[in-house]
Amino acid sequence: MSRIGFTTTIPIEILFAAGRIPVDLNNVFITHPQKKALVEETELEGFPRNICGWIKGIYAVAMRSDLDEVIGVTQGDCSNTQALMETLQLKGMRIFPFAYPYDRDEELLHLQIKKMMEHFGVVEADVGSVKMRLDTIRQRLTLIDQLTWQADTVSGFENHYFLVSASDMKGDFEAFQEEVEDFLKEVKGRKRSNPEIRLGYVGVPPIYDDLYSFIEELNARVVFNETQRQFSMPYRTTTLLQQYLKYTYPYDIFSRIKDIREEVQRRRIDGLIHYVQSFCFRQIEDLILRYKVDLPILTLEGDKPASLDARTKVRIESFIELLKGKKGGNSSP
Ligand code: SF4
């Protein structure tokens, strides 16, 4: 079966219906045992130092992942994608562009989906039946998410891992479904953890290895992973078009903020961690987030894949102490 790489969430229902294996290059990169070396090798090939680590990692794994084609999301994800695609093309990779219209225009998105279906040779009925199968998995992922913030039996990292994996269902949705079911069985026997501080994680997934475990050592827990939850598409929709219109990540920041505010309230969140990547245009969104969300926010910036450095650990500790103080009626850090 041919393997199709992609740079951010696209309608994987079309790829599965076409008998292709979807490969989210972000997931391949971040779980790669030599991820740091891969970024450095890409720099040696000539990628500038001041380009985001994810782009370099995606390029490196795209070149090593035995792919037949790469779908590049040229609008709605990353300002660097076009040049990344051109570099891959230079190395002989076949590229298919996909674009989310900024203004969430229904007709334009419909055309993009139609074009992708034609490219992979599938019709609506095939895609519709795959959607129904994936929807059942998406509902189980929503249950994992609920167990994170309602029952407090799923850790922040486990939540991140399962929701982020929905972007390609690890290339085999039946095996992924089994993994999800096994996890849900295991969770049934767990006791409630009652973390003292409930955090939301906002922004692109972290390049750090140990962010979630470090937070849990401080008796705090991430009970909301914004982007990862969006990748899991926790909506009830009847068509693919509706599903990808509800998805907030590729459109304007304001619909993301609406979703963040609703979840902050629903999940009784004490503070937000906004993760930004060095050299990413999305860093600018930090000021909009701070303007629109009335909650303590800690902005963390990561560069290359690594464990948390001492300075970042101290900043997280101080932030959590501040939140504990606020909860206990003492507003000083
Ligand atoms: S972190 Fe920012 S710059 Fe890097 S790939 Fe993602 S959107 Fe692009």
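On a predicted model such as this, the values are computed, not experimentally measured, just so you know. What you see below is based on every heavy atom in this structure, not just the backbone, and it leaves out hydrogens, waters and symmetry mates.
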Taking the side chain as every heavy atom from C-beta outward, state whether [X] and [Y] have any pair of such atoms under 4.5 Å apart.
| X | Y | result |
| --- | --- | --- |
| F281 | N80 | no |
| T8 | Y249 | yes |
| T299 | I273 | no |
| T237 | K131 | yes |
| N219 | K324 | yes |
| L240 | I14 | yes |
| L199 | I320 | yes |
| Y275 | V202 | no |

Is there a donor-acceptor contact under 3.5 Å from the side chain of [X] to the main chain of [Y]?
| X | Y | value |
| --- | --- | --- |
| R190 | T153 | yes |
| D24 | D168 | no |
| E263 | D259 | no |
| S307 | D210 | no |
| R3 | S65 | yes |
| T42 | K56 | yes |
| R221 | V154 | yes |
| R94 | Q89 | no |
| E158 | S155 | yes |
| R267 | V223 | yes |

Shared hydrophobic cluster for [X] and [Y] (ILVMFWY, side-chain gaps under 4.5 Å):
| X | Y | result |
| --- | --- | --- |
| V222 | L289 | no |
| I257 | L298 | no |
| W149 | V164 | no |
| F214 | I207 | yes |

Where is the tightest heavy-atom contact between L15 and P22, given as atom of each residue plus distance?
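L15 and P22 have their closest heavy atoms at CD1-CB, 3.8 Å.
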Geometric cation-pi criterion K115 and F120, 6.0 Å radius, 45° cone
no
Please determine whether the number of non-hydrogen atoms from other residues, nucleotides or ligands lying under 6.0 Å from atom NZ of K292 exceeds 12.
no
Around atom CZ of R236, are there more than 12 heavy atoms from other residues, nucleotides or ligands closer than 6.0 Å?
no
Compute whether any side-chain donor of one residue and acceptor of the other, for [X] and [Y], lie under 3.5 angstrom apart.
| X | Y | value |
| --- | --- | --- |
| Q230 | E226 | no |
| S232 | R138 | no |
| Q243 | E13 | yes |
| T142 | Q146 | no |
| R104 | S255 | yes |
| Y161 | Q228 | no |

Applying ring pair (Phe, Tyr, Trp, His ring centres under 6.0 Å) to F173 and F16, what does each step give before you reach the verdict?
CA-CA 9 Å; F173 65 82; F16 280 126; 4.9 Å; yes
Starting at CD of Q265, measure out to CD1 of I269 and round the result to the nearest 0.5 Å.
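Atom-to-atom, Q265:CD and I269:CD1 are 10.5 Å apart.
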Tell me which one of Y201, F231, Y212 satisfies ring pair (Phe, Tyr, Trp, His ring centres under 6.0 Å) with H160.
Y212
Salt bridge (Lys or Arg N to Asp or Glu O under 4.0 Å) assessment of E45 paired with K91
CA-CA 12 Å; E45 270 198 50; K91 296 289 167 115; 3.0 Å; yes
Stepwise ring pair (Phe, Tyr, Trp, His ring centres under 6.0 Å) check, W54 with F29:
CA-CA 8 Å; W54 282 97; F29 163 54; 5.4 Å; yes
Can you label the angle between the Y100 ring and the F98 ring as parallel, tilted or perpendicular, going by 30° and 60°?
perpendicular
Kindly determine whether K36 and E41 satisfy salt bridge (Lys or Arg N to Asp or Glu O under 4.0 Å), including the steps that lead there.
CA-CA 9 Å; K36 191 162 181 233; E41 281 171 33; over 6 Å; no
Applying side-chain contact (heavy atoms from CB on, under 4.5 Å) between D270 and each of R198, E196, K326, report the one that passes.
R198
Between Y251 and Y102, does the ring centroid distance fall short of 6.0 Å?
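When the ring centroids of Y251 and Y102 are compared, they turn out to be at least 6.0 Å apart.
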Verdict with reasoning, F183 to I144, per side-chain contact (heavy atoms from CB on, under 4.5 Å)
CA-CA 9 Å; F183 177 71; I144 291 180; 3.7 Å; yes
Test salt bridge (charged side-chain N to carboxylate O under 4.0 Å, His left out) applied to R140 and E179, E181, E178, the passing residue
E181
